[in-house]
Every structure is written in C-alpha cells, then in structure tokens.
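Next up is a structure, given as structure tokens.
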There are 2 protein chains.
Amino acid sequence: MSNLAAALDVVGSRWALLIVERLLDGPQRYGDLQRDLGVPTNMLATRLRELEAAGVLSRLPLRHNTRAYALTDRGRALGEAINALARWGEDLPGNDAD
Amino acid sequence: MSNLAAALDVVGSRWALLIVERLLDGPQRYGDLQRDLGVPTNMLATRLRELEAAGVLSRLPLRHNTRAYALTDRGRALGEAINALARWGEDLPGNDAD
DNA sequence: CTGCATCCGGAATGATACTG
DNA sequence: CAGTATCATTCCGGATGCAG
C-alpha cells in the first residue's frame, strides 16, 4: 500500500480533514466542532475516536463533563496537506476570486 | 463552505486522490489504473467521469476503443497536496522508517 | 446542558457478470 | 480494452434517548 493510501486510511473519511482543520486554530470542544462544522453528532463522535486512536488528536479534560480536543504533533503535521488542499479549493468554480 | 470542503467535494471520494496520484506519472489507460490501483471497475468509471467533469483530467483518444486519461493543469495542481499527504503517510505506524 | 450511543433510511462503495 | 448493469455491503446523516 502506498503512503497516500495509508494516509487516506486515517484521514480519508468524510469529516476527518475538516475536523483537523478546525483544530489547527487551537483546541475545541465537542459542541464547538459540531456547530461550527455542521457535522452530525454521531459522525463527530466516531471520527474523534478514530483520530484519537490514530494519534492525530488527544482529549484534554477541562472540568467534569467537559473536555477539549487538541491536535498532537502528528495532527499538526497535517497542516501542510490541509493548506495545500484548501488552496487548491480556492480555484474551483463557484469560488469568487476575492 | 470552506475551501477545504469545496476541495473534498471534488477529490474527497474514495479513490479520487489515488487516481490523480497515479496520473501524476503521466497519462494512463483504464486498464492500467484498474490493475495498478486495484480499484473496482465501476468505481473507476464513476470517479473518472466525476474528475473529468470537475476539470481535473481529460480523455485522450488513442485509437478506436482505446484512450488515455491525463491530468489537466488543475489536476497537476493537486500534486502538492498529494505529496504532502503522502509524506504525512510515511510517518504512520506500520511504515518502516526505511 | 454537554457529550455521546443507538436506531434506521438512504447514499456511497465493492464484487461480479455482461456488453460494444 | 473499456466500460455498463446488478446486487450485496458498508458508510453516512438525521432523529432520538440517555448518562454525567
């Protein structure tokens, strides 16, 4: 399996990269991600578990019943790929040239 | 919708980036992609149609019943994102450090 | 009130057989 | 060789329920 396939195996599912992109701005809580991305709650829970298992993010306990999700070093390493993809997305039809 | 979401809308489906990665080496024919990537034939046809519609690749007629798929400029612009993702994939568990 | 699990219908994906 | 048609399976998304 190629390295690209291995990467897509981890972050190739529907919301993974969007979640990581949001976390590049700093740790976020569950509800923040949910409202900000519009991701269904069950999908968010599933992706967060997978991304945590893959070492992309980790849970930071805040107070009881409240925690934040923060990128690990491996998660932050996705920044370049995410930025490259987002820049590519700028040139797609339907995006104003700003 | 963010630029990343727009990009994933085009190349976020299961085989899209793997197909483009393969085409970065130069134009390929249907059977080449199918055997090289192990992608199911119907998925390959679907993705090729979508990627062509999105302006990522184009068909090059070779002879009767034979054509090749080649990246457009927009398709080649995905190279950076793909390479970034592939480099990220190198550091995942299960990959030897070489 | 926030963080999740479960249930269920619909969409995406995959295996295989068949056609021009 | 380059696809299409069909059907099984798996994934996704919205609603709802429930625990801390």
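In what follows, chains are A, B, ... by sequence order, proteins preceding strands, each numbered from 1.
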(request) Answer yes or no: is there a donor N or O on one side and an acceptor on the other, between the side chain of B:Trp88 and the main chain of A:Leu4, under 3.5 Å? (result) no
(request) Give a yes or no answer on whether the side chain of A:Arg67 reaches the backbone of A:Arg29 with a donor-acceptor pair at less than 3.5 Å. (result) no
(message) Quick one: does any side-chain atom of A:Trp15 pair with a main-chain N or O of A:Gly38 as donor and acceptor, under 3.5 Å?
(response) no
(request) Using atom CD1 of B:Ile19 as one end and atom C1' of D:dG3 as the other, report the distance to the nearest whole Å. (result) 14 Å
(message) Using modelled atom types and a 3.5 Å cut-off, is there a donor and acceptor pairing between side-chain atoms of B:Thr72 and backbone atoms of B:Gly75?
(response) yes
(request) Using a strict cut-off of less than 4.0 Å between a Lys/Arg side-chain nitrogen and an Asp/Glu carboxylate oxygen, indicate whether A:Arg47 and A:Glu50 qualify as a salt bridge. (result) yes
(message) Tell me the interatomic distance from A:Tyr30, atom OH, to C:dC1, atom P, rounded to whole angstroms.
(response) 17 Å
(request) Could you state the atom-to-atom distance from CG of B:Leu33 to P of D:dA2 in whole Å? (result) 9 Å
(message) Heavy atoms within less than 4.0 Å of DNA chain C: which residues of residues 41-58 of chain B have one? Give them sorted by number.
(response) B:Thr41, B:Asn42, B:Met43, B:Arg47
(message) Donor-acceptor pair, distance only, cut-off 3.5 Å: does the side chain of B:Arg59 make one with the backbone of B:Ala68?
(response) no
(message) By nearest atom, which of the nucleotides D:dG3, C:dC4, D:dA2 is closest to the A:Tyr69 side chain?
(response) C:dC4
(request) Give the cluster check for A:Met43 versus B:Met1: same hydrophobic cluster or not, with ILVMFWY residues linked at side-chain heavy-atom distances below 4.5 Å. (result) no
(message) Whether the side chain of B:Asp32 engages the backbone of B:Gln28 through a donor-acceptor N/O pair (distance < 3.5 Å, no angle test) should be reported.
(response) no
(request) Please work out which residues in residues 59-68 of chain A have a non-hydrogen atom less than 4.0 Å from an atom of DNA chain C and list them by number. (result) A:Arg59, A:Asn65, A:Arg67
(request) Return no unless some side-chain N or O of B:Trp15 is found under 4.0 Å from OP1 or OP2 of C:dA12. (result) no
(message) In this structure, how many angstroms lie between the P atom of D:dG14 and the CZ atom of A:Arg35, rounded?
(response) 17 Å
(message) Please confirm whether the shortest side-chain N or O distance from A:Arg14 to OP1 or OP2 of D:dG13 is below 4.0 Å.
(response) yes
